Amino acid sequence: MPMRAALLAHPAGHSLSPVMHNAAFAHLGIDATYEAWDVPPERLAEALERLRQDDMLGANVTVPHKTAVMDGLDRLTDRAQAVGAVNLIVRDGNELVGENQDTEGFLRSLEVEGVTPAGKRVALLGAGGAARAIGWALVHAGCRELRIWNRTAARAEELASSLRVDARDTIIVSASQLDDLRDSDLWIQTTTLGMRKGGQDPDTSPVPGDGWRSLLGDAIDPVAVDIVYRPLRTPFLRSATSAGMQTINGSGMLLYQGAAAFEAWTGKTAPVDVMRKALHDALEDES
Ligand code: ATR
């Protein structure tokens, strides 16, 4: 029987996950297809029923369903429970199991660029769902200090409080202004600023282009990471490059969470090079 995997999103139009997974299925000769489903919130329960059918491998979950979907699943992994968000569903018989691989995908995207968060002072820009998974990953990777800044300061404080529950040795603070992030070694941009909208390149970044000089202070080998991948070179990363920083774009996080999902669904080693090429070809076609 031909199998399927799906993305639960709203809107679903521009996802690159189908390109990446269909290339991997084809490469390994697996009779399966990956489809992007546009699922408005009021039809989420119906989509989950569809996922229980025998031809479904499982699904990825993205905006705006990562938290809401948790209630409709039969089981959550410890990590999904701790992070408070699900980006991967695996069908196990008639049961749906929720997992979070954004955390591992993010850490792997740093690791392949030779960047380790352990012992670092980290500035986390943003306090939405993506920031929550990344903050959790950074704490578990042993960063020394996590400083969370957000446009809406109350959300930064709320995220800081919830991460402190599981903080181990990491000092977690919320920053009411950018200046409170001074001297950070690792800068992670998780807001939607800088994302391309309707074909227009954005020109916005949470850090003003000339702001790096005063913010870097005594940072050690500072690195800027943006989880946005459209465009690959966001204003945040462009200004960081000009300031002499190492930069990492969002395509690695997309790739490695995708590889983890593929392995969970098929039980086979993901053809990461094939998936990376499919992703990069699609992104280059756009730029
Ligand atoms: P996700 O779950 O994908 O992270 P989200 O929960 O909507 O999405 O979070 C989006 C993030 O981008 C938030 O940190 C948001 O800041 P607010 O909490 O203040 O809304 C941030 N963001 C969105 N638009 C922004 C803007 N114009 N300036 C600064 N931050 C912005």
Side-chain angles (χ1 to χ4, degrees), residues 7-17 36 38-41 44 60-71 79-80 82-88 98-103 105-106 109 122-139 146-163 172-181 184 187-198 200-209 211 215 224-231 234-237 239-240 249-254 257-258:
L7 172 69
L8 313 186
H10 184 64
H14 298 292
S15 170
L16 291 177
S17 291
D38 191 338
V39 182
L44 184 57
N60 284 130
V61 184
T62 188
V63 182
H65 303 307
K66 283 187 181 180
T67 308
V69 79
M70 295 170 75
D71 282 343
R79 180 167 47 204
V83 171
V86 160
N87 85 311
L88 169 64
E99 166 66 296
N100 194 307
Q101 290 288 6
D102 282 338
T103 52
F106 171 75
S109 74
V122 182
L124 185 61
L125 303 158
R132 179 168 297 272
I134 288 171
W136 189 90
L138 289 163
V139 166
L146 183 64
R147 303 150 172 179
I148 307 173
W149 173 90
N150 193 49
R151 173 180 62 175
T152 311
R155 284 185 91 192
E157 182 45 39
E158 192 274 324
L159 178 56
S161 311
S162 86
L163 290 174
I172 305 177
V173 295
S174 61
S176 55
Q177 45 197 355
L178 280 178
D179 208 42
D180 298 335
L181 306 175
S184 296
W187 295 73
I188 299 160
Q189 198 310 100
T190 73
T191 78
T192 51
L193 283 177
M195 228 179 245
R196 180 176 294 154
K197 293 192 185 77
Q200 293 287 309
D201 264 342
D203 58 3
T204 47
S205 162
V207 177
L215 287 172
V225 183
D226 202 326
I227 66 162
V228 171
Y229 54 85
R230 274 193 168 118
T234 58
F236 176 79
L237 292 185
S239 68
N249 68 44
S251 65
M253 181 171 171
L254 178 67
Q257 65 74 33

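In this text the structure is predicted, and so the values were computed from the model without any measurement. Sequential numbering from 1 along the given sequence is applied to the chain's residues. Order of appearance sets the numbers: ligands from 1, and atoms from 1 within every ligand. Atom set for the values below is all heavy atoms of this structure, side chains included, hydrogens, waters and symmetry mates excluded.
- Of the candidates Ile134, Thr192, Thr191, it is Thr192 that places a heavy atom closest to atom 24 (N) of ligand 1.
- The protein heavy-atom contact nearest to atom 5 (P) of ligand 1 is Gly128 CA, 4.0 Å.
- A donor-acceptor pair is defined here as one N or O able to donate and one able to accept, closer than 3.5 Å; such a pair exists between the side chain of Thr234 and the backbone of Leu237.
- For ligand 1, the atoms closer than 4.0 angstrom to any heavy atom of Val63 are 3 (O).
- Judged purely by atom type and a 3.5 angstrom limit, Arg230 uses its side chain to pair as donor or acceptor with the backbone of His14.
- Inclusion of Gly126 in the set of residues having an N or O under 3.5 Å from an N or O of ligand 1 is not warranted.
- Ligand 1 has an N or O atom lying under 3.5 Å from an N or O atom of Gly129, backbone or side chain.
- Counting heavy atoms under 4.0 Å from ligand 1, residue Asn150 touches it through the side chain alone.
- Side chains of Arg151 and Thr191: no donor on one and acceptor on the other come within 3.5 Å.
- Panel note: side chain Asn87, backbone Gln101; a donor-acceptor pair is recorded below 3.5 Å.
- Under a 3.5 Å cut-off, the side chain of Ser109 and the backbone N or O of Phe106 do form a donor-acceptor pair.
- Among all non-hydrogen protein atoms, the one lying nearest atom 27 (N) of ligand 1 is Arg151 NH1, 3.2 Å.
- Of the possible donor and acceptor atoms, one in the side chain of Thr190 sits under 3.5 Å from a partner among the backbone N and O of Leu125.
- Between Ala127 and ligand 1, at least one N/O pair is under 3.5 Å apart.
- Counting protein heavy atoms under 4.0 angstrom from atom 20 (O) of ligand 1 gives one or more.
- Rounded to the nearest 0.5 Å, atoms CG (Leu16) and OH (Tyr229) are 5.0 Å apart.
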Candidate pair Gln189 and Val225, rule side chain to side chain contact (heavy atoms under 4.5 Å, CB included), full reasoning: CA-CA 6 Å; Gln189 198 310 100; Val225 183; over 6 Å; no
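- Remark: ligand 1 and Arg155 share an N or O pair separated by less than 3.5 Å (distance only, no angle test).
- For Thr152, a nitrogen or oxygen atom sits less than 3.5 Å from a nitrogen or oxygen atom of ligand 1, counting backbone and side chain alike.
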